[in-house]
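Below: the structure, in structure tokens.
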Amino acid sequence: MNGPFDFALALGDDALVTAQRLAEWTTRAPEMEEDIALANIALDQLGAARLLLSYAGELEGAGRDEDALAYLRDDREFRNALLVELPNGDFAVTMAKLFFLAAYQLPLYTALAGCADERLAAIGAKARKESAYHLDHGALWVKRLGDGTEESHRRMQAAVDAVWPYTHELFAADPAAPVDPATLRPAFDETVGSVLAEATLTRPESGWAPAGGRAGVHTEHLAYLLAEMQVLHRAHPGAKW
Amino acid sequence: MVSAREAAASVVDPEIRVITIDELGILRAVEEDSTTGRVTVTITPTYTGCPAMDVIRTDIRRALAVAGHLDAEVRTVYSPPWSTDWISESGRAKLVAAGIAPPAPVPTAGVVPLTLAVRCPQCGSPETEQVSRFGSTACKALWRCRSCSEPFDHLKAL
């Protein structure tokens with residue numbers, strides 16, 4: 001990432017891929033209320049993605065709108081962090097992903113709300129409120145499962161351990177960006193520390209830190225996700241309904 | 001002729017059809033160019049992903065056309081972000097009448113969050129509980145009354 005275009009694209013891709021992953025839970029969540037909750041969070045992420053990708057398209061000035069950016073790029077052109085493209089796994093893995101993402105997005109959007117770029121500031125101020133709600137929801141489940149039964153604790157800890165290495169990529173320093181992601185790490189660490197402690201979970205040691213998403217080098221999971229997300233648009237170019 | 005302001009303000013929210021977009025606080029401005037007669041309406045979404053925005057835009061243009069304002073543009077702005085504090089008093093009363101508990105005032109930064117009782121819109125009892133933090137639309141949560149046992153929607157404070 002460096003310029004505002006890459007920055008808006010990366011943030012938009014994070015939100016878009018998150019929305020697509022969460023939507024996979026629709027009709028499959030463990031209870032109806034959770035089904036509705038995940039679909040609602042997916043909708044919020046999609047809303048943020050539309051604003052960010054529309055703006056990215058304008059910054060690029062090459063005539064690409066939100067749809068062109070969402071549906072007509074291949075995996076190597078996507079700039080989302082690897083965290084959001086990982087498969088949903090069991091419910092604990094999904095909640096670990098959601099919790100870590102929200103603990104990053106909330107300070108990110110809050111910082112964005114005060115940045116010099118007027119459009120990004122407006123998007124940040126809007127998305128920040130929704131992000132706070134996502135964080136509440138993710139943290140609630142991490143605590144409920146972590147401090148629940150022996151089995152729920154075991155699976156929540158396993159999920160946190162599996163997902164943790166992928167959080168580091170979110171905070172790769174980029175001093176030229178409208179908000180340097182490295183500056184968000186203290187707020188993230190504070191949130192994660194207090195929630196995991198309350199959930200009786202152990203914060204994993206940091207070591208292996210897979211990355212590459214911001215440069216377009218993804219896991220094999222993203223191409224499958226995009227194939228499903230893009231098939232209709234690509235099969236019927238320019239179709240309107 | 002009905003003024004452009006009155007016409008736009010009469011449009012009801014497509015998801016909560018008892019309340020107008022003006023009462024909901026998403027109608028931000030209606031400006032009419034006195035020489036050309038061109039009307040510019042400014043709206044803001046409740047949530048970024050609100051799927052009702054396209055319908056609202058269409059409904060505004062239709063209401064303006066019926067009132068004789070054929071040259072109209074609907075703009076969408078995101079700043080300042082919508083807050084449930086913008087819902088008018090008459091809007092709140094209509095929500096209650098429709099069985100939807102209105103939102104509490106949005107807590108300001110620095111104030112210790114205090115969970116306020118949500119009153120049952122059916123029987124008025126404060127003995128209520130949250131069933132789900134999310135509901136039938138992006139702006140609502142699902143609650144239940146422990147006194148009369150009725151489930152009800154609650155507009156989330158945002």
Side-chain angles (χ1 to χ4, degrees), chain A residues 12 15-16 18-19 22-23 25-26 29 31-55 66 105 109-110 112-115 117-141 240-241, chain B residues 15 25-26 28 42-58 75-87 103-111 113-115 129-144 151-158:
Chain A
L16 178 64
T18 299
L22 287 175
W25 276 104
T26 306
E31 57 186 31
M32 198 174 73
E33 288 79 8
E34 197 53 35
D35 207 288
I36 294 166
L38 294 177
N40 263 287
I41 295 172
L43 186 64
D44 289 344
Q45 293 283 349
L46 189 62
R50 291 186 63 177
L51 297 180
L52 288 161
L53 293 181
S54 292
Y55 186 42
E66 53 178 322
Q105 281 184 331
Y109 289 141
T110 303
L112 214 54
C115 83
D117 185 312
E118 213 171 87
R119 284 281 291 281
L120 287 176
I123 295 170
K126 184 84 193 144
R128 176 176 59 87
K129 294 178 167 210
E130 296 166 14
S131 198
Y133 216 76
H134 305 166
L135 180 59
D136 264 2
H137 192 70
L140 189 94
W141 273 109
K240 298 230 179 274
W241 65 313
Chain B
E15 288 183 341
I26 63 174
R28 304 309 298 157
T42 307
I43 56 173
T44 195
T46 54
Y47 282 71
T48 50
C50 179
M53 291 302 283
D54 284 334
V55 177
I56 293 171
R57 279 187 276 267
T58 306
R75 284 187 193 158
T76 308
V77 297
Y78 297 92
S79 180
W82 179 78
S83 163
T84 42
D85 287 347
W86 294 354
I87 300 174
V106 176
T108 46
V111 176
L114 181 72
T115 308
E129 62 188 356
Q130 183 177 259
V131 177
S132 171
R133 300 158 50 76
F134 296 85
S136 55
T137 65
C139 54
K140 287 182 266 175
L142 190 59
W143 282 61
R144 176 168 52 211
F152 63 90
D153 277 330
H154 168 49
L155 215 72
K156 302 184 290 206
L158 182 80

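The structure displayed is predicted, hence computed values, not measured ones. Just so we're on the same page: letters track the sequence lines, and every chain starts at 1.
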Max heavy-atom pair count under 4.5 Å with chain B, selected residue of [options]:
| options | value |
| --- | --- |
| A:Leu43, A:Asp44, A:Leu140, A:Asn40 | A:Asn40 |
| A:Ala49, A:Ala39, A:Ala19, A:Ala122 | A:Ala122 |
| A:Ala42, A:Gly47, A:Ala125 | A:Gly47 |

> For the atom pair OG1 (B:Thr48) and CD (A:Glu130), what is the distance rounded to the nearest 0.5 Å?
Replying inline: 3.5 Å
> Atom CZ in A:Arg119, atom OG in B:Ser79: separation rounded to 0.5 Å?
Replying inline: 11.5 Å
I'd like to know whether [atom1] of [X] has more than 12 heavy-atom contacts from other residues, nucleotides or ligands below 6.0 angstrom.
| X | atom1 | result |
| --- | --- | --- |
| A:Glu118 | CD | no |
| B:Arg57 | CZ | yes |
| A:Arg50 | CZ | no |

> Any donor-acceptor pair under 3.5 Å linking the side chain of A:Tyr133 with the backbone of B:Arg133?
Replying inline: yes
Region of [X] in contact with chain A, defined by heavy-atom distances below 4.5 Å:
| X | answer |
| --- | --- |
| B:Thr76 | neither |
| B:Val77 | neither |
| B:Pro80 | neither |

Does some side-chain heavy atom of [Y] sit less than 4.5 Å from a side-chain heavy atom of [X]?
| X | Y | result |
| --- | --- | --- |
| A:Lys126 | B:Pro45 | yes |
| A:Leu51 | B:Tyr78 | yes |
| B:Ser83 | A:Lys129 | yes |

>> Quick check on A:Ile123 against chain B: is it the side chain, the backbone, both or neither that has a heavy atom closer than 4.5 Å?
In response: neither
